[in-house]
Amino acid sequence: MEKSSISIFDENYKKITENIARAAEKSGRKPQDITLLAATKTVDVDVINHAILSGISYIGENRVQEFLSKYQDYEPVNKHFIGHLQTNKVKDIIDKVSLIHSVDSLRLAEEISRQAVKRGIAVDILLEINVGDEQSKSGFSYDDAIASAEKIAKLDGVKIKGLMAIPPICENSEQNRPYFAKMKKLFIDIDNKKIDNSSMDILSMGMSDDYAVAIEEGANMVRLGTALFGRRNYNV
Ligand SMILES: *Cc1c(COP(=O)(O)O)cnc(C)c1O
């Protein structure tokens, strides 16, 4: 076990917990209203298990292959999938994760539905919104999000639990504030539609560089990799 990774995590975790509490209070909420999900790509199982035993109760992987090679060795934890998911890989993870954050197309939602019905299960999903309207990113367009949610909510075997977004990469976190605010507005608008078979429980946004701003603007789940585990070569 790498001692250094462990102590890096311990130090970061303490700081992040304090930052989350402060941001939650700024937005009129309690620290426990915010869920911290550890983004564990490229992180060794030993370090992940140390994180779980230290109090992390949600982890997110973003590559199917890597997830499958690691998940059986995890201490008990809620396992989420957060990365781009190819339709032909849905069947590999569908019964092994409790939430898929990254449902970014109707086609993917339909495949999840098909595989879920086959297994007689219901799969919780978030709709990924391309909030910056970026060519390079997948996700539902902001303007069509309500119509997309209405369509997907009709599919058997999937339950919409909220929204996820990755705003454009900015030089400083303040530049993302308007995108986070826009997402919160959409979250409320969709909630107000009271669409059958869906609920706006989770607003998953905010990563290492901007999680405090995301929480201030209404995120209730943040996905942190670098801030928790230190910098590493992602190559993804
Ligand atoms: C890697 C990853 C994160 C965490 O990114 P950091 O900047 O390292 O905190 C969050 N969400 C997704 C979808 C990711 O792939």
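These figures come from a predicted structure and were not determined experimentally. Basis for what follows: all heavy atoms, side chains included, without hydrogens, waters or symmetry-related copies. Counting starts at 1 for both ligands and their atoms, in listed order.
Close approach of ligand 1 to L224 (heavy-atom distance below 4.0 Å) involves ligand atoms 9 (O). Those atoms of ligand 1 with a heavy atom of T226 less than 4.0 angstrom away are 6 (P), 7 (O), 8 (O), 9 (O). If you number the atoms of ligand 1 from 1 as listed, the ones under 4.0 Å from a heavy atom of A39 come out as 3 (C), 4 (C).
Heavy-atom neighbours of D196 CG from other residues, nucleotides or ligands within 6.0 Å: at or below the threshold of 12.
At a heavy-atom cutoff of 4.0 Å, ligand 1 is contacted by the side chain of K41 but not by its backbone.
Between G225 and ligand 1, at least one pair of N/O atoms sits closer than 3.5 Å.
F67 does not carry K96 over the face of its six-membered ring by the limits of under 6.0 Å from the centre and within 45° of the normal.
With hydrogens and angles ignored, the 3.5 Å screen pairs no side-chain donor or acceptor of S27 with any backbone N or O of E217.
Under the 4.5 Å side-chain heavy-atom criterion for ILVMFWY residues, a single connected hydrophobic cluster contains both L106 and I112.
When hydrophobic side chains of Ile, Leu, Val, Met, Phe, Trp and Tyr are connected at separations under 4.5 Å, Y58 ends up clustered with L37, I82, L99, L126, M164, I166, I202, M207, M221.
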